[in-house]
Engineer: 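Can you keep this structure in mind? I'll have questions shortly.
Computed over heavy atoms, backbone and side chain alike; hydrogens, waters and symmetry mates excluded. Everything quoted here is computed from the prediction, not taken from an experiment.
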Amino acid sequence: MQIQEAINEGVVDRTTLRSRLFLTWRDWSNLEDWTNLKTANLFANNTKGMSYELVVIGTSAGGLNALQKILSGLAKDFNLPIVIVQHRLPVADEFMVFTLQESCDLQVKEVDQSDWIEPGWVYLAPANYHVLVERDKQLSLSIDEKVCYSRPSIDVLFETAANAYEHRLIGIILTGANQDGTDGMIKIKEKGGLTLAQDPETAEVEVMPRAPIERGVVDEILSLEAIARYLNRIIQENR
Amino acid sequence: MNIEQIEINLLLEAIYQRYGYDYRQYNQASIERRVKHHLAKTEHNTIADLIPDVIHNPNAFNALFFDISVTVTEIFRDPWFFRALREKVIPFLETFPFINVWQAGCATGEEVISLAILLQEEGLYNRTRIYATDFNDAALETAKSRIYSVEKIKEYSSNYQKSGGKSSLADYYHANYHSAIFDSALFKNITFANHNLATDGIFAEMHLILCRNVLIYFNRDLQNRVLSVFRDSLRYNGFLCLGSKETVQFSSVQQDFVDFSVKEKIYQCKSRKLSTKELLTEPH
């Protein structure tokens with residue numbers, strides 16, 4: 001099916017099409033004859049045949065609400081481990097873990113040094129530490145310099161996760177006020193992973209999800225509820 | 001194994017064979033990031049290009065060594081920790097006529113300065129000897145210089161106040177447009193020395209050991225090794241202070257320590273040391 005037909009028949013909308021073809025806005029407007037692009041590109045990242053092993057999520061302003069919405073929408077037997085970086089003040093407090101645990105059937109904990117990544121768990125980055133994913137599936141911590149003014153940094157999590165899990169990784173960017181995470185999403189795409197972004201129109205602050213979309217490295221742009229449904233569908237297909 | 005992994009492995013192997021520093025016992029993801037960060041500052045394009053430097057160019061190696069082994073830190077970082085040190089640990093230390101303190105992994109010295117100021121304000125400085133050690137000589141030189149960036153002083157002052165500082169951080173340094181230099185009097189009782197936690201052992205008996213956010217970079221085996229050295233260095237009831245996300249739990253020395261102040265990860269050593277007499281009369 002040609003792309004024009006696909007759009008006409010509502011199989012895919014232009015925004016999704018553009019992000020799936022990994023085109024920047026500039027490339028998109030320069031593309032003269034996109035109607036003849038092979039539709040095989042449209043479905044290059046379908047989830048069939050992919051076996052994912054880890055989900056990483058990054059968020060900042062408005063993140064707590066956004067995370068609660070996603071976590072509460074996940075299936076009870078959601079069997080992919082989740083690691084989350086939410087930008088937070090450098091003082092430790094248990095409020096965040098407690099709040100997320102309330103909305104979640106999975107077990108929620110703050111990352112400790114040398115935690116093994118295991119299904120059924122949600123790991124939250126602690127205040128004032130970076131979280132890194134090791135190739136042997138452990139989580140490690142660092143107090144290295146802030147990245148994008150942030151520690152914990154989403155880029156640090158996403159980039160190390162991409163190195164360790166490659167195409168078996170799902171990266172998700174939600175609401176937030178800076179561009180921490182965009183480089184991470186680029187790295188995830190380079191390694192063949194799947195990238196989702198919260199639809200900026202639904203985000204409390206749209207800067208963070210919009211940045212990777214503008215760079216053309218987002219596979220799916222979805223509302224929070226749709227992200228949860230999408231993840232549930234993936235674990236069904238994983239089986 | 002992909003190309004980048006191969007490069008890193010060969011680089012670490014080169015460092016080990018040429019200089020004896022074993023980074024294979026470190027958590028690799030951090031090392032990789034630091035290597036790549038360093039690479040971006042050089043004119044080289046690939047990690048493998050750093051290997052000839054390691055083998056043939058000591059200056060270039062020193063720059064790489066600094067970037068992968070020295071962590072940037074702050075004066076009075078984690079003010080709540082220093083507050084607990086002041087309020088809970090100092091009262092115990094006051095009972096001793098002479099106090100030995102070991103700051104392990106002192107890097108560029110921010111934590112040592114913080115400790116010196118705190119001990120000064122609590123009236124203990126004159127009977128304390130602080131041993132500040134690190135395995136990176138360049139970091140030790142910076143620490144000895146007492147010079148810090150004037151841009152960060154404001155943040156440090158704020159940290160100092162939050163930690164229960166009794167006057168003002170400005171009382172302890174002189175500043176010009178670029179730098180703040182701390183008083184040499186603060187360094188009267190500090191001994192700086194090169195000490196490698198991976199290979200070196202006990203050198204003195206300690207009342208207080210601080211090693212905060214150093215163990216997080218080590219793998220389990222190396223952590224156990226370092227904690228054993230700490231346990232063997234500490235007096236009975238001596239204090240060990242770790243970073244807020246570090247613990248002695250699940251380590252090989254778990255049973256030798258008890259919690260003293262849980263939130264601040266301050267532990268007390270309960271391992272009994274043999275006295276010299278006991279050592280001499282112990283049956284062989």
Side-chain angles (χ1 to χ4, degrees), chain A residues 54 56 83 88-94 97 109-117 123-147 149 151-168 183-184 187 190-192, chain B residues 1-5 8-9 26-38 67-74 77-81 83 105 107 110-111 152 155 158-159 162 212-224 242-251 262-265:
Chain A
L54 178 66
V56 289
V83 185
R88 49 196 297 193
L89 294 172
V91 181
D93 78 85
E94 283 151 12
V97 173
K109 74 184 293 282
E110 237 184 40
V111 176
D112 285 305
Q113 58 173 9
S114 308
D115 267 343
W116 289 100
I117 298 174
Y123 303 90
L124 181 67
N128 218 10
Y129 285 88
H130 289 304
V131 172
L132 300 92
V133 177
E134 299 286 338
R135 290 175 203 268
D136 62 2
K137 314 285 166 53
Q138 283 188 61
L139 292 168
S140 65
L141 297 171
S142 147
I143 56 162
D144 281 358
E145 283 169 50
K146 295 181 182 175
V147 173
Y149 309 105
R151 184 170 57 217
S153 155
I154 303 168
D155 277 340
V156 172
L157 173 66
F158 281 26
E159 285 170 5
T160 53
N163 280 334
Y165 281 76
E166 300 190 324
H167 60 272
R168 302 180 309 274
D183 284 344
K187 188 74 187 243
E190 270 176 29
K191 298 283 191 176
Chain B
M1 198 181 283
N2 64 29
I3 290 184
E4 217 167 59
Q5 264 183 285
I8 296 265
N9 285 348
Y26 282 57
N27 290 325
Q28 298 297 296
S30 254
I31 295 288
E32 261 187 62
R33 274 194 81 83
R34 289 178 174 190
V35 166
K36 286 184 200 168
H37 192 72
H38 173 83
D67 282 347
I68 59 176
S69 59
V70 180
T71 310
V72 174
T73 176
E74 300 162 22
R77 182 183 197 272
D78 295 339
W80 41 265
F81 163 75
R83 187 177 277 278
E110 284 87 343
E111 201 162 278
K152 298 195 179 170
E155 190 188 348
S158 166
N159 287 349
K162 289 185 206 158
R212 305 189 68 245
N213 297 317
V214 173
L215 296 179
I216 47 174
Y217 298 102
F218 298 166
N219 69 14
R220 175 72 31 98
D221 285 339
L222 186 51
Q223 284 182 27
N224 282 338
L242 300 181
S244 63
K245 274 288 162 183
E246 296 174 319
T247 180
V248 301
Q249 249 194 333
F250 313 123
S251 75
V262 175
K263 186 166 176 250
E264 291 85 7
K265 297 298 165 72

Engineer: Which one wins on heavy-atom pair count under 4.5 Å against chain B: A/Q138, A/E110, A/R135?
Structural biologist: A/R135
Engineer: One thing to verify: whether A/K187 and A/D155 come together as a salt bridge, which I'm taking to mean a side-chain N less than 4.0 angstrom from a carboxylate O.
Structural biologist: no
Engineer: Taking only residues two or more places apart in sequence or in another chain, which ones pass ring-ring contact (aromatic ring centres under 6.0 Å, His included) with B/F218?
Structural biologist: B/Y26
Engineer: Flag yes if more than 12 heavy atoms outside B/Q5 fall under 6.0 Å of its CD atom; otherwise flag no.
Structural biologist: yes
Engineer: Does any backbone or side-chain atom of A/V156 lie under 4.5 Å from a heavy atom of chain B? Answer side chain, backbone, both or neither.
Structural biologist: both
Engineer: What residues, two or more places apart in sequence or in another chain, satisfy side-chain hydrogen bond (donor to acceptor under 3.5 Å, both in side chains) together with B/Q28?
Structural biologist: none
Engineer: Among A/L141, A/L132, A/I143, which has the most heavy-atom pairs under 4.5 Å with chain B?
Structural biologist: A/I143
Engineer: Heavy-atom distances under 4.5 Å only: say whether B/D78 touches chain A with side chain, backbone, both or neither.
Structural biologist: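 Just its side chain gets close to chain A.
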Engineer: Non-hydrogen atoms of chain B under 4.5 Å away: do they reach the side chain of A/K146, the backbone, both or neither?
Structural biologist: neither
Engineer: Less than 4.5 Å to any heavy atom of chain B: does that hold for the side chain of A/E159, its backbone, both, or neither?
Structural biologist: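 When you check distances to chain B, only side chain atoms of A/E159 fall under 4.5 Å.
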Engineer: By a 4.5 Å heavy-atom criterion (distance strictly below it), what part of A/S142 contacts chain B: side chain, backbone, both, or neither?
Structural biologist: both
Engineer: What part of A/N128 gets within 4.5 angstrom of chain B, counting heavy atoms only: side chain, backbone, both, or neither?
Structural biologist: both
Engineer: Need one label for A/V131: side chain, backbone, both or neither, based on atoms under 4.5 Å from any heavy atom in chain B.
Structural biologist: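 Looking at A/V131, nothing touches chain B.
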Engineer: Any idea which of B/E246, B/K263, B/E4 has the most non-hydrogen atom pairs under 4.5 angstrom with chain A?
Structural biologist: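 Heavy-atom pairs under 4.5 Å are most numerous for B/E246.
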Engineer: Side chain from CB out, backbone as N, CA, C, O: work out which of these in B/Q249 comes under 4.5 Å of a heavy atom of chain A, or both, or neither.
Structural biologist: neither
Engineer: Salt bridge check, B/R34 against A/D144: does any charged N sit closer than 4.0 Å to a carboxylate O?
Structural biologist: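 Between B/R34 and A/D144 there is a salt bridge, with a charged N closer than 4.0 Å to a carboxylate O.
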Engineer: Do any N or O atoms from the side chain of A/R88 and from the backbone of A/A125 form a donor-acceptor pair under 3.5 angstrom?
Structural biologist: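 Flag set: sc A/R88 to bb A/A125 pair under 3.5 Å.
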Engineer: If you measure from the Lys or Arg side-chain nitrogens to the Asp or Glu carboxylate oxygens, is any gap between B/E264 and B/R83 under 4.0 Å?
Structural biologist: no
Engineer: Under a 4.5 Å heavy-atom cut-off, does chain A meet the side chain of B/K36, its backbone, both or neither?
Structural biologist: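 When you check distances to chain A, only side chain atoms of B/K36 fall under 4.5 Å.
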Engineer: Do B/T73 and B/E110 have side-chain N/O donor and acceptor atoms under 3.5 Å apart?
Structural biologist: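 No - no donor-acceptor pair under 3.5 Å links their side chains.
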